[in-house]
Each structure stands twice: as C-alpha cells, then as structure tokens.
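Beneath this line is the structure, given in structure tokens, with notes to follow.
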Amino acid sequence: MSKKRGLSLDEKREKMLQIFYDSQDFFLLKELEKLGPKKGVISQSVKDVIQSLVDDDLVFKDKIGTSVYFWSLPSCAGNQLRNVTRKLETDLQTNKKRHAELVEQCKALKKGREESDAREEALHELKAIEQKHNELKEELAQYADSDPATLEAMKKAIEVAHSAANRWTDNIFTLRQWCSNNFPQAKEQLDHLYNEVGITDDFDYFELPAVVPLPVTNDEL
C-alpha cells in the first residue's frame with residue numbers, strides 16, 4: 001500500500017485560510033495549532049504556514065495585551081488579489097512600452113550598418129588600428145622604467161632611504177659612544193661585539209654617488 005502524500009505548502013496555506021474563512025473569527029496561535037491537524041496540517045508546521053500568509057498580507061495579526069491574535073476575511077483576500085492584479089497589469093504595460101522602445105532603438109541602431117563592402121572594409125581597418133594600438137601600448141610599457149615621473153619617484157625614494165640609513169648610523173655612533181663612556185673597563189669586549197655585528201673601523205655614513213646625466217642622442221634632439 002502506497003504511503004499517503006503530504007500536503008504542499010500551497011495546499012497547507014489553502015487549508016489554514018479556509019479555517020479563517022469558515023469561522024470569520026480571531027484565533028491564537030495555539031488554537032490554530034489544534035485546528036490545523038483537522039485540516040491535514042500538522043501542528044508543528046502551522047506556525048510557519050501562518051507566518052507565510054501574514055507575509056503575503058492574506059492573514060493579519062495584532063497584539064492585544066499579552067496575546068497575539070490572527071484573523072482573515074474573504075474580503076481581505078479579495079482585496080489583496082485585486083491589488084496584486086493591478087500591480088501585475090501595471091508592470092505588464094510598463095514592460096510592453098519598454099519593449100517597444102527597445103525595438104525602435106534597435107531599428108535605429110541598425111540604420112547605416114547594413115552589410116556592404118564599404119562597411120566590411122571599415123571594420124577590417126578598425127581591427128587593424130586596434131591591433132596596432134595594443135602593440136604600441138605593450139611597447140610603451142617596456143619603457144615605463146624610463147618614464148620621468150617614475151625616475152623622479154625613484155630618486156625621492158632613494159633620498160628617503162639614504163636619510164634613514166644615515167640617521168640609524170648616527171644612532172649607532174651615539175650608542176657606541178655612550179657604551180664607551182659608561183663601560184670603559186669593557187673596551188675589548190665591546191670592540192669584539194661591534195666587529196661581530198659589522199660595526200668595524202670603516203663603518204661610516206653613506207654618501208650618494210653623483211648623478212651623471214645620460215648622453216643625449218641625435219634622435220632625442
């Protein structure tokens with residue numbers, strides 16, 4: 001014997017709405033959960049079904065004191081359906097108008113674009129120009145490092161790094177002098193420590209090399 005098929009959500013909604021329409025009364029949720037099984041809707045799903053009806057404005061609810069009551073009348077459902085119908089009709093008219101506008105726009109865009117030898121030649125020429133444009137862009141990217149703005153930015157970055165390096169060099173000299181003044185008895189140990197970390201006798205400030213301008217060729221004149 002085949003198993004009985006359960007109700008779909010739409011069928012459950014219809015069953016619960018029928019409870020309101022038949023009685024035209026107000027109900028608490030716990031009352032609806034008792035009435036639902038009599039219509040084939042299990043009590044555990046009544047709350048979700050009722051909430052879906054409330055979301056669609058087919059069932060109304062209001063809090064009176066500490067209790068929440070639900071109600072729905074056939075006239076309320078009729079008004080709701082009429083409102084939905086009016087909205088759908090308005091949307092349909094709007095979409096029809098938009099469709100007609102797009103058809104006219106499409107026709108207008110096609111004018112002057114009829115297939116011809118001249119148009120094919122123009123499209124071929126356009127494709128060749130676009131390809132040449134892309135090739136020039138790739139070639140230009142190869143010379144990005146020689147861009148004056150890029151070189152100027154690199155120059156400023158070098159100057160900042162140079163200043164920072166010499167600032168730390170100055171800090172190291174200051175710390176070394178402080179250690180020598182405060183721990184003269186540990187001179188040998190300190191000299192050994194300095195050598196280990198790279199602070200040798202030739203440790204000094206950095207100097208930026210003089211920038212030699214590149215020669216200008218006849219092609220750049």
Side-chain angles (χ1 to χ4, degrees), residues 47-48 51-52 54-57 63 87 90-91 94-221:
K47 181 178 179 180
D48 292 336
Q51 185 58 50
S52 73
V54 172
D55 293 339
D56 292 340
D57 294 330
K63 187 174 184 180
K87 183 179 184 305
T90 301
D91 291 343
T94 300
N95 290 331
K96 284 183 177 180
K97 182 179 178 181
R98 180 56 179 163
H99 177 262
E101 292 174 352
L102 291 174
V103 170
E104 292 299 321
Q105 185 178 356
C106 182
K107 292 180 180 179
L109 291 173
K110 286 182 178 180
K111 290 181 180 179
R113 300 187 180 187
E114 296 80 4
E115 295 296 332
S116 65
D117 293 340
R119 185 171 187 272
E120 287 296 325
E121 183 178 352
L123 289 174
H124 181 73
E125 183 178 355
L126 175 61
K127 185 176 181 180
I129 292 174
E130 289 177 343
Q131 183 177 352
K132 183 62 176 178
H133 174 69
N134 291 331
E135 291 174 356
L136 291 174
K137 282 176 63 177
E138 293 177 359
E139 184 178 354
L140 184 62
Q142 297 177 4
Y143 300 100
D145 291 341
S146 300
D147 181 66
T150 302
L151 292 175
E152 184 63 24
M154 292 174 63
K155 181 180 177 182
K156 291 181 178 179
I158 292 172
E159 291 175 352
V160 171
H162 173 257
S163 298
N166 282 339
R167 184 167 57 252
W168 279 104
T169 301
D170 194 47
N171 292 338
I172 291 172
F173 282 145
T174 302
L175 178 61
R176 184 176 180 178
Q177 185 63 43
W178 182 87
C179 291
S180 298
N181 293 339
N182 287 274
F183 306 101
Q185 69 280 7
K187 183 178 183 304
E188 291 184 4
Q189 293 88 334
L190 288 173
D191 288 340
H192 180 68
L193 176 62
Y194 297 150
N195 289 327
E196 281 188 346
V197 297
I199 305 176
T200 58
D201 293 337
D202 59 352
F203 183 79
D204 203 349
Y205 296 100
F206 285 107
E207 291 186 6
L208 286 176
V211 178
V212 179
L214 296 175
V216 179
T217 64
N218 293 331
D219 294 339
E220 295 174 324
L221 293 177

What pairs of donor and acceptor atoms, side-chain ones from residues 165-175 against any protein atom, are under 3.5 angstrom apart with sequence neighbours left out?
unit_1 : atom_1 : unit_2 : atom_2 : d
Asn166 : OD1    : Phe206 : N      : 2.8
Asn166 : ND2    : His162 : NE2    : 3.0
Asn166 : ND2    : Phe206 : O      : 3.2
Thr169 : OG1    : Ala165 : O      : 2.9
Asp170 : OD1    : Tyr205 : OH     : 2.8
Asn171 : ND2    : Arg167 : O      : 3.3
Thr174 : OG1    : Asp170 : O      : 2.9

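Shown here are the side chain to side chain contact (heavy atoms under 4.5 Å, CB included) partners of Glu130, two or more places apart in sequence or in another chain: Leu126. Partners of Gln185 under the side chain to side chain donor-acceptor pair (under 3.5 Å) rule, at least two apart in sequence or in another chain, do not exist in this structure. Remark: Gln51 engages Asp55 in a side chain to side chain donor-acceptor pair (under 3.5 Å) (not counting sequence neighbours). Asn134 pairs by the side chain to side chain donor-acceptor pair (under 3.5 Å) definition with nothing, not counting sequence neighbours. Applying the side chain to side chain donor-acceptor pair (under 3.5 Å) rule to Ser52 yields the partners Arg13; only residues at least two apart in sequence or on another chain are considered. With sequence neighbours excluded, the residues satisfying side chain to side chain contact (heavy atoms under 4.5 Å, CB included) with Val103 are His99, Lys107. Not a single salt bridge (charged side-chain N to carboxylate O under 4.0 Å, His left out) links Lys156 to another residue, sequence neighbours left out. Under the side chain to side chain contact (heavy atoms under 4.5 Å, CB included) criterion, Lys132 pairs with Glu135, Leu136, not counting sequence neighbours. Looking at residues two or more places apart in sequence or on another chain, you find a side chain to side chain contact (heavy atoms under 4.5 Å, CB included) between Glu101 and Lys97, Arg98.
Here Glu138 contributes atom CD and His133 contributes atom NE2; the two are 10.5 Å apart, rounded to the nearest 0.5 Å.
A donor atom on one side chain and an acceptor atom on the other are found under 3.5 Å apart for Glu196 and His192.
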